[in-house]
Amino acid sequence: MIDLHCHLLPALDDGPADLGGSLRLAQAQAAAGVRTVALTPHATARFPTAAATVARGVVEMRHALGTAQIALEVVGGAELDLGWALDLPDDELVGLTLDGGRWLLLEAPLTPIAPLEPGVAALRGRGFEILLAHPERSPMLQRDPAIVERLVGAGVRTQLTAGGLSGQFGRTVQRFALRLLDAGLVHTFASDSHDAERRPPGLRRPLETFGLGDHVHLLCDEHPAQLLAGELLPEHVQLRRRRGLLGRLRG
Ligand SMILES: [Fe+2]
């Protein structure tokens, strides 16, 4: 599997504090069946991660993984705050795309109101494609799901996160995650893991819990690989949820 959202780099944001913590997280990723991880530290006013920092981090992490004999590929990236991204020049933004390609991982606003649609249009107008991280956790999108539909119609693709679906962020987030899945508005699935303990990796189990085990490959491998290759994804991804007993109780 390919996990396109992971705060694996040490001491940059609210991920691991040191290399030891990063290697424990990397080991957990590999043990969970992930072969490639995008390093996506926050790039925000609070955590102003620069493209050069990510580039250096990729090199250092590859070296550390090799030394520790952990079988995990890593590529560069960032989880961009909308306002922060809009203020960055193009050459800096290019260095923060997923693996240096055309896709930016944009954090869905966790504030009640944000100029998401005009901001996305501005970034797309500058030639970047947008992968929207954890739309299920965004209060403004929960309140007005039509925004997600319009964004997807305009070319944005979405990334649901494991904790959102599993219930780590509460029932409202979980219900909205299922609603987005059932509406065909989810294109990829990622861990947004921050460490091996508190916010650990693991992609397969939350999907299986909700009868989506048949789609693990599509959401956690095929589509992420296409994004890393700079390709576009279909607008709607109609997924069939197997309605087991648990699915009926929880869905
Ligand atoms: Fe994140």
Side-chain angles (χ1 to χ4, degrees), residues 1-17 21-22 24-26 28-29 32 34 36-51 53-54 57-58 61 72 74-85 88 93 95-99 103-111 114 116 119-120 123 130-142 148 156-170 173-174 176-177 180 186-203 206 219-220 223-224 227-228:
M1 291 181 282
I2 300 172
D3 187 354
L4 292 184
H5 191 155
C6 182
H7 298 260
L8 185 69
L9 285 175
L12 286 182
D13 58 5
D14 52 352
S22 295
R24 284 195 299 280
L25 174 51
Q29 283 279 24
V34 170
T36 302
V37 163
L39 308 176
T40 55
H42 287 289
T44 69
R46 182 174 167 215
F47 301 117
T49 309
T53 306
V54 175
V58 170
M61 188 52 64
L72 194 67
V74 294
V75 299
E79 180 181 14
L80 286 144
D81 168 76
L82 177 65
W84 187 255
L88 293 179
L93 271 182
L96 295 170
T97 58
L98 294 169
D99 200 16
W103 288 89
L104 288 172
L105 182 66
L106 183 72
E107 182 172 32
L110 299 176
T111 50
L116 181 57
V120 162
L123 291 170
I130 304 297
L131 180 63
L132 189 66
H134 48 67
E136 75 279 7
R137 289 177 54 199
S138 174
M140 64 175 280
L141 299 180
Q142 292 163 5
V148 183
V156 170
R157 297 298 175 254
T158 70
Q159 178 191 74
L160 206 74
T161 53
L165 183 60
S166 68
Q168 187 179 357
F169 299 100
V173 170
Q174 188 181 45
F176 192 43
L180 292 173
V186 172
H187 305 87
T188 62
F189 193 69
S191 74
D192 193 9
S193 49
H194 283 61
D195 52 48
E197 297 87 19
R198 252 178 341 108
R199 292 180 69 177
L203 300 172
L219 296 174
C220 307
H223 279 175
L227 295 184
L228 289 182

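Both counts, for ligands and for their atoms, begin at 1 and track the order of listing.
Between His42 and His194, the ring planes lie tilted relative to each other; the angle falls in the 30° to 60° range.
Residues meeting the salt bridge (Lys or Arg N to Asp or Glu O under 4.0 Å) test with Asp195, sequence neighbours left out: Arg198. For Gln159, the side-chain hydrogen bond (donor to acceptor under 3.5 Å, both in side chains) partners are His5, not counting sequence neighbours.
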Would you give me the side-chain donor-acceptor pairs under 3.5 Å for residues 130-137, sequence neighbours excluded?
unit_1, atom_1, unit_2, atom_2, d
His134, NE2, Glu79, OE2, 3.1
Glu136, OE2, Thr161, N, 3.1
Glu136, OE2, Thr161, OG1, 2.6

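Between the OG atom in Ser191 and the CG atom in Leu25 there is a gap of 7.0 Å [rounded to 0.5 Å].
Taking 2.8 Å as the limit, the number of protein N, O or S atoms around the Fe ion (ligand 1) is 4.
Within the 3.5 Å criterion, the main-chain N or O of Ala162 finds a donor-acceptor partner in the side chain of Ser166.
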